[in-house]
Amino acid sequence: MYKRLYEEEQKWHVSHPHSAEAVPENGRKAPMLLLKGSQEASKKAGEQRARHLEEEMAKARSEIISIGLERDKLAMESNFARDRLDSCMKEEMKPFQLKLEIWSCLN
């Protein structure tokens, strides 16, 4: 993070030439100019980070919705297969139930 801030500050200093008032006679930069540049770089970095996080959140929401739809589809397919299996099992059991009924009547 500090590296990014430093790079942003360097870019800002390159793109904004310093005025004569900003450099005192002893060659030191005015503290307020440095503070202002640092604050602007921090603000810009924060805005970029916020934008990036918003994009990531939108992607995550979209993925969550897709996964939910896939889960619902698989649940419906599972229920359909279970119902078909139950139906087939009932049909297969009918002859055995009939034989059981006949056998219990005979005894």
Side-chain angles (χ1 to χ4, degrees):
M1 183 172 123
Y2 292 110
K3 182 179 178 183
R4 184 186 292 160
L5 289 174
Y6 177 77
E7 291 170 354
E8 290 292 327
E9 185 176 342
Q10 291 301 320
K11 287 179 189 176
W12 185 84
H13 285 297
V14 169
S15 65
H16 294 85
H18 303 293
S19 64
E21 302 93 40
V23 182
E25 291 177 15
N26 63 4
R28 291 183 154 181
K29 295 179 182 175
M32 291 304 291
L33 180 62
L34 290 175
L35 180 62
K36 183 179 177 184
S38 177
Q39 288 173 341
E40 288 177 6
S42 295
K43 182 180 177 182
K44 189 174 182 180
E47 289 171 353
Q48 288 176 344
R49 179 74 176 144
R51 246 188 326 273
H52 176 72
L53 290 173
E54 287 172 355
E55 291 171 0
E56 289 294 317
M57 190 168 51
K59 288 178 189 176
R61 283 180 181 157
S62 176
E63 189 173 343
I64 288 169
I65 290 170
S66 295
I67 290 170
L69 292 172
E70 183 69 19
R71 180 205 60 213
D72 293 345
K73 178 184 169 194
L74 291 172
M76 287 174 49
E77 289 175 356
S78 172
N79 289 337
F80 176 75
R82 186 180 304 115
D83 291 345
R84 258 193 98 194
L85 177 63
D86 289 344
S87 175
C88 289
M89 292 296 286
K90 285 179 184 176
E91 287 298 317
E92 288 296 318
M93 292 301 290
K94 281 184 182 179
F96 296 112
Q97 287 174 345
L98 183 60
K99 286 180 184 179
L100 263 175
E101 288 174 7
I102 293 172
W103 186 75
S104 50
C105 288
L106 293 175
N107 288 333

Verify, without hydrogens or angle tests, whether Ser104 (side chain) and Leu100 (backbone) share a donor-acceptor contact under 3.5 angstrom.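 Confirmed, Ser104 side chain pairs with Leu100 backbone.
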Ser78 side chain to Leu74 main-chain N or O, any donor-acceptor pair under 3.5 Å?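 Here the side-chain-to-backbone pair does not exist.
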To the nearest 0.5 Å, what is the distance between [atom1] ([X]) and [atom2] ([Y])?
{"X": "Gln39", "Y": "Lys43", "atom1": "CD", "atom2": "NZ", "answer": "10.0 Å"}
{"X": "Glu55", "Y": "Arg51", "atom1": "CD", "atom2": "CZ", "answer": "8.0 Å"}
{"X": "Arg84", "Y": "Asn79", "atom1": "CZ", "atom2": "CG", "answer": "14.5 Å"}
{"X": "Glu56", "Y": "Leu53", "atom1": "CD", "atom2": "CG", "answer": "7.5 Å"}
{"X": "Ser87", "Y": "Glu92", "atom1": "OG", "atom2": "CD", "answer": "10.5 Å"}

Would the number of heavy atoms belonging to other residues, nucleotides or ligands and lying under 6.0 Å from CD of Glu77 be above 12?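 More than 12 heavy atoms, drawn from other residues, nucleotides or ligands, come within 6.0 Å of this atom.
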